[in-house]
Amino acid sequence: MAQVYDRVALIGLGLIASSMCHAMRRAGLVGEIVGYARSSETREIAREIGLCDHVFDSAAEAVKDADLVVLCVPVGAMEAVAREIAPALKHGATVSDVGSVKRTVIDAVGPYIPDGVHFIPAHPLAGTEHSGPRSGFAELFDNRYCILVPAQNADRSAVDRLSQLWVGMGSKTDEMDAEHHDLVLAVTSHTPHLIAYTMVGVADDLGRVTDSEVIKYSAAGFRDFTRIAASDPVMWRDVFLNNKEATLEVLGRFTEELFALQRAIRQGDGDHLHDYFTRTRAIRRGIIEAGQDTDAPNFGRSNPRKD
Ligand code: NAP
């Protein structure tokens with residue numbers, strides 16, 4: 001595939017940034033990849049494993065000559081990073097991000113973007129519960145959507161170029177406005193994570209079932225909750241603090257449905273339960289048919305890094 005950008009700077013060198021490095025290299029999409037991470041420990045690891053062509057000790061130095069800058073830090077850290085890099089951005093460059101929430105990131109980063117620099121927020125819908133520069137792999141984005149959230153007056157050629165990069169990394173791309181993105185993700189990702197965190201917390205609290213029983217018998221459904229609930233606490237704290245309204249709306253609906261199911265169980269209303277589970281089974285089938293998961297018992301996650 002042809003080169004899309006000469007120089008890409010990744011700010012933050014965790015799971016998403018390191019996966020981008022591998023995916024960009026796999027397809028020869030960029031001339032040079034440079035990076036910056038907050039801690040000297042992460043920068044050292046990135047140098048040691050040759051993640052980028054060059055790792056800088058400051059974010060401003062890293063973005064200086066970049067054609068594309070991607071902010072790969074937790075949502076709550078985006079503003080401070082944008083403030084720091086703004087004076088060093090090259091005229092004509094594009095700034096993007098990979099944050100899991102879009103409205104608050106746009107409000108936090110947008111004001112710092114200088115005239116002559118394009119700002120095109122994005123969110124790859126792919127991840128694992130692992131973090132850090134060693135956790136990335138080239139296949140993370142394969143066949144997964146990356147949602148671009150450009151402003152209405154965004155430069156079309158800059159948007160198309162960013163889309164080309166994500167397609168080159170294996171993704172399919174779509175465009176959405178920020179509010180709709182945040183609602184969709186509250187349904188498909190944020191609330192399910194909260195439910196998983198809760199279920200794992202409940203199992204831990206329930207004195208009559210021992211910890212060793214929970215671990216031993218977890219394959220019966222609980223295991224997938226624990227995988228999700230092992231996700232990075234900082235990232236997920238920031239997601240909930242920044243997608244407050246949509247998550248609370250979905251949680252409100254969830255609580256109502258849960259009460260209805262609770263009542264059906266108490267009253268022995270098997271029809272209600274059966275109808276409900278029939279409807280949800282069809283949703284699962286739709287996801288498999290859309291190629292977004294597999295029917296395998298391990299959900300297709302044979303690679304331990306993806307598990
Ligand atoms: P990660 O593996 O935990 O890496 C985060 C990186 O950000 C690290 O390099 C870390 O630096 C840096 N960082 C953390 N706090 C910072 C701060 N206050 N200031 C500056 N840098 C800071 O995270 P990730 O999974 O790649 O997530 C990065 C972004 O992608 C987040 O916005 C997340 O919402 C989004 N995202 C994640 C997933 C997922 O499943 N993981 C999926 C899609 C999108 P140090 O290592 O030096 O601490």
Side-chain angles (χ1 to χ4, degrees), residues 9-23 33-49 51-52 55-60 62-63 69-85 95-106 108-109 121-137 139-142 144-149 166 169-171 173 178 181-182 184-186 188-190 192-193 196-197 227-243 247 301 305-307:
L10 302 174
I11 306 303
L13 294 174
L15 169 71
I16 300 295
S18 58
S19 296
M20 288 180 72
C21 287
H22 297 303
I33 306 170
V34 300
Y36 162 78
R38 173 184 56 167
S39 68
S40 56
E41 191 192 344
T42 300
R43 295 198 295 270
E44 272 321 302
I45 295 172
R47 286 180 184 124
E48 191 189 308
I49 62 175
L51 190 61
C52 310
V55 176
F56 287 92
D57 288 328
S58 86
V63 305
V69 175
V70 188
L71 311 183
C72 304
V73 297
V75 166
M78 297 278 182
E79 181 173 357
V81 170
R83 193 187 312 126
E84 193 186 336
I85 63 170
V95 173
S96 187
D97 76 298
V98 294
S100 306
V101 180
K102 296 275 60 102
R103 180 74 268 156
T104 57
V105 170
I106 293 169
V109 173
H123 179 203
L125 306 190
T128 75
E129 68 280 23
H130 302 296
S131 310
R134 293 186 198 274
S135 60
F137 52 99
E139 301 79 21
L140 180 66
F141 310 114
D142 285 353
R144 297 284 179 239
Y145 277 96
C146 178
I147 300 181
L148 305 183
V149 186
W166 279 105
M169 288 193 286
S171 284
T173 59
H181 166 277
D182 289 354
V184 170
L185 267 292
T188 57
S189 169
H190 305 167
H193 270 80
Y197 280 121
R227 187 183 61 76
I228 294 172
S231 302
D232 186 63
V234 173
M235 171 190 156
W236 284 97
R237 177 201 65 193
D238 285 3
V239 165
F240 294 115
L241 294 180
N242 286 278
N243 198 15
T247 312
R301 295 186 197 99
R305 285 182 303 177
K306 287 191 225 173
D307 200 4

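Hydrogens, waters and symmetry mates are skipped; everything else that's a heavy atom, side chains included, is used. In listed order, ligands and their atoms are each counted from 1. As the structure is a prediction and not an experimental result, all values here were calculated from the model.
Ligand 1 has no N or O atom lying under 3.5 Å from any N or O atom of Ala17, backbone or side chain. In terms of polar-atom proximity, defined here as any N/O pair under 3.5 Å, Ser135 makes no such contact with ligand 1. Geometrically, ligand 1 and Ser100 share a nitrogen or oxygen pair separated by less than 3.5 Å. Backbone and side-chain nitrogen or oxygen atoms of Pro124 are examined, and none is located within less than 3.5 angstrom of a nitrogen or oxygen of ligand 1. Of the N or O atoms in Leu13, one or more lie within a sub-3.5 Å distance of an N or O in ligand 1. Polar contact check, Gly132 against ligand 1: a nitrogen or oxygen pair lies under 3.5 Å apart.
Rounded to the nearest 0.5 angstrom, His22 NE2 and Leu51 CG are separated by 5.5 Å.
For atom 45 (P) of ligand 1, the closest non-hydrogen atom on the protein side is Thr42 OG1, 3.4 Å. Atom 29 (C) of ligand 1 has Val73 O, 3.6 Å as its closest protein atom, hydrogens excluded (heavy atom only).
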Please tabulate, one pair per line, all N/O donor-acceptor pairs under 3.5 Å involving side-chain atoms of residues 12-19, not counting sequence neighbours.
unit_1 : atom_1 : unit_2 : atom_2 : d
Ser18  : OG     : Gly14  : O      : 2.7
Ser18  : OG     : Leu15  : O      : 3.2
Ser18  : OG     : Gly136 : N      : 3.1
Ser19  : OG     : Leu15  : O      : 2.8
Ser19  : OG     : Phe137 : N      : 3.2

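Within the listing of ligand 1, atoms 32 (O) sit less than 4.0 angstrom from a heavy atom of Val75. Listed by atom number, the atoms of ligand 1 under 4.0 Å from Gly14 heavy atoms are 1 (P), 2 (O), 4 (O), 9 (O), 26 (O).
Counting heavy atoms closer than 4.0 Å to ligand 1, residue Thr128 contributes backbone atoms (N, CA, C, O) but none from C-beta onward.
Ring geometry for Trp236 versus His193: interplanar angle under 30°, hence parallel rather than tilted (30 to 60°).
Looking at residues two or more places apart in sequence or on another chain, you find no side chain to side chain donor-acceptor pair (under 3.5 Å) involving Arg237.
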